[in-house]
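Reading through the structure tokens given below for one structure.
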Amino acid sequence: MNITVLMGGASAERDVSLASGLRIVEALQSRGHTVIALDPAAGVLSATDLADLRARKVGTEPPSLEALAGLSSEALRTDLASMPEIRTADVVFLALHGGQGEDGTVQALLDMADVRYTGSGHLASALAMDKDLSKTLFRAANVPTADWLMAPQTADTVERLLSFPVIVKPSKQGSTVGLTVVKTRDTFDTAVAEAFKYDDEVMIESFIPGRELTVGVLGDQALPVGEIKPVHEIYDYECKYTPGMATEDFPADLPPDIAATLQQQALQAFQALKLLGATPGSISV
């Protein structure tokens with residue numbers, strides 16, 4: 001099978017995408033597929049490019065906004081779906097993280113060109129990337145989710161309606177990029193300004209301390225519950241992508257009834273967003 005892996009791009013999660021895309025390329029090649037690695041911001045990646053990526057690490061911080069601004073302005077050009085590497089592929093494996101690679105933009109371009117690709121469609125991708133819409137749909141589906149507000153808000157309003165500490169984060173971003181745990185009101189405005197660097201909408205969410213539990217969904221099946229134990233207070237960018245900064249226990253040490261409840265909630269969330277295929281998820285309890 002001819003498979004094109006879309007990876008890299010120009011979002012703040014570029015380095016993460018390159019790392020996961022490389023592993024996908026290697027796995028598909030090991031199964032005998034003909035694979036092209038395509039970075040929308042740089043073009044087709046050669047064997048030398050992939051070897052260089054293999055020697056690199058993701059790093060403890062995302063790329064700077066200045067570095068991202070220096071990437072190709074045509075990172076997701078409208079003729080992406082007409083590129084030969086896309087048109088001749090039997091399927092496009094989406095390994096883009098964040099930005100237009102996850103928010104339904106790429107999916108819509110491929111849909112219009114009738115190109116097969118992995119993962120959810122453009123509507124589900126857009127809903128899942130937008131935390132405000134996701135949480136609204138979770139509430140409608142009776143999936144518990146922390147209380148939240150959308151910026152702009154004053155510290156007085158946040159303290160009255162949510163109380164500190166809160167999580168301040170870009171509404172349409174992943175990998176905890178631009179996220180701050182705000183414990184006191186005096187750092188609130190700075191955290192909001194930081195989050196706005198990465199998105200045009202910012203969420204302010206009640207901070208709920210607890211265990212970091214994750215449930216993957218494959219098709220209509222919830223997979224076993226896992227627990228992630230980060231070195232830091234939260235599972236931040238450094239803990240996600242730096243070896244030794246987090247441990248993962250699968251399955252999590254939970255009573256069977258609690259595990260079953262979490263799996264059911266994961267399925268409800270999956271269905272509320274109209275997702276397809278394989279989707280990871282996290283629940284703090």
Side-chain angles (χ1 to χ4, degrees), residues 98 102-103 124-217 222 225-230 232-237 239-240 252 254 257-275 279-285:
E102 269 192 282
D103 70 359
S125 298
L127 291 173
M129 196 64 180
D130 189 313
K131 296 178 178 63
D132 184 31
L133 293 178
S134 292
K135 287 167 72 69
T136 299
L137 290 171
F138 293 161
R139 284 274 170 91
N142 295 315
V143 177
T145 186
D147 291 335
W148 78 98
L149 300 168
M150 298 299 292
Q153 301 288 343
T154 66
D156 286 339
T157 300
V158 172
E159 192 161 40
R160 177 169 54 86
L161 296 179
L162 299 179
S163 76
F164 291 97
V166 294
I167 296 286
V168 174
K169 56 190 175 183
S171 186
K172 302 181 292 293
Q173 184 60 261
S175 292
T176 60
V177 172
L179 181 149
T180 306
V181 180
V182 180
K183 296 186 177 181
T184 58
R185 57 183 294 143
D186 58 299
T187 59
F188 173 72
D189 290 339
T190 300
V192 171
E194 177 66 18
F196 267 125
K197 293 178 183 178
Y198 297 95
D199 192 15
D200 59 355
E201 293 184 311
V202 168
M203 174 173 286
I204 306 149
E205 186 178 49
S206 291
F207 176 70
I208 302 176
R211 297 166 67 181
E212 183 83 18
L213 302 171
T214 184
V215 183
V217 175
V225 182
E227 180 171 7
I228 301 169
K229 299 176 180 178
H232 295 166
E233 180 181 19
I234 62 170
Y235 192 41
D236 59 14
Y237 190 95
C239 289
K240 283 180 169 76
L254 292 169
D257 60 326
I258 297 296
T261 296
L262 293 176
Q263 288 175 305
Q264 180 57 38
Q265 290 176 354
L267 274 176
Q268 288 174 253
F270 185 87
Q271 293 162 356
L273 299 180
K274 301 182 182 296
L275 297 169
T279 300
S282 294
I283 301 173
S284 181
V285 300

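The main-chain N or O of Ser171 is found under 3.5 Å from a side-chain atom of Asp199 such that the two form a donor-acceptor pair. Put simply, the side chain of Lys240 gets close to the backbone of Tyr235: a donor and an acceptor are under 3.5 Å apart. When atom types are taken as modelled, the side chain of Thr176 and the backbone of Tyr237 share a donor-acceptor pair closer than 3.5 angstrom. For Gln268 (side chain) and Ala141 (main-chain N/O), a donor-acceptor pair under 3.5 Å exists by modelled atom type.
Counting only heavy atoms from C-beta outward, the side chains of Leu254 and Glu227 never approach each other to under 4.5 Å. Using a 4.5 Å heavy-atom cutoff, the side chains of Met150 and Met203 are in contact. Taking 4.5 Å as the limit, every side-chain heavy atom of Leu149 sits out of range of all side-chain heavy atoms of Val166. The shortest side-chain heavy-atom distance between Phe138 and Leu273 falls under the 4.5 Å cut-off.
In this structure, CG in Asn142 is found 11.0 Å from CD in Gln264, a value given to the nearest 0.5 Å. Between the CD1 atom of Ile167 and the CD1 atom of Ile204 there is a distance of 12.0 Å, given to the nearest 0.5 Å. In this structure, Glu102 CD and Lys172 NZ are separated by 13.5 Å, a value rounded to the nearest 0.5 Å. Of the inter-residue distances, the one linking Leu161 atom CG with Gln153 atom CD reads 7.5 Å to the nearest 0.5 angstrom. In this structure, the separation between CG on Leu127 and OG1 on Thr136 is 10.5 Å, given to the nearest 0.5 Å. Interatomic distance, CG of Leu213 versus CG of Leu262, reported as 6.0 Å (0.5 Å rounding).
In this structure, a donor-acceptor pair under 3.5 Å is present between the side chains of Thr154 and Thr157. Asp186 and Thr184 share a donor-acceptor pair across their side chains, judged by distance under 3.5 Å alone.
Counting all heavy atoms, side chain and backbone alike, Ala124 lies closest to Lys274 at CB-O, 3.1 Å. Contact record, Arg139 with Asp147: NH2-OD1, 2.6 Å, taken as the closest heavy-atom pair. Nearest heavy atoms, Gly178 versus Pro170: O-CD, 3.5 Å.
Ion pair Glu205/Lys131 not flagged as a salt bridge, since none of the NZ, NE, NH1 or NH2 atoms sits closer than 4.0 Å to an Asp/Glu carboxylate oxygen.
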Could you go through the side chain to side chain contact (heavy atoms under 4.5 Å, CB included) check for Val181 and Ile234 one step at a time? CA-CA 9 Å; Val181 180; Ile234 62 170; 3.9 Å; yes

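Stacking of Lys183 on the aromatic ring of Phe164 is not recorded, the 6.0 Å distance cut-off and the 45° axial limit not both being met.
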Return all side-chain donor-acceptor pairs below 3.5 angstrom for residues 191-198, not counting sequence neighbours, or 'none' if the list is empty.
| from | atom 1 | to | atom 2 | distance (Å) |
| --- | --- | --- | --- | --- |
| Glu194 | OE1 | Lys197 | NZ | 3.0 |

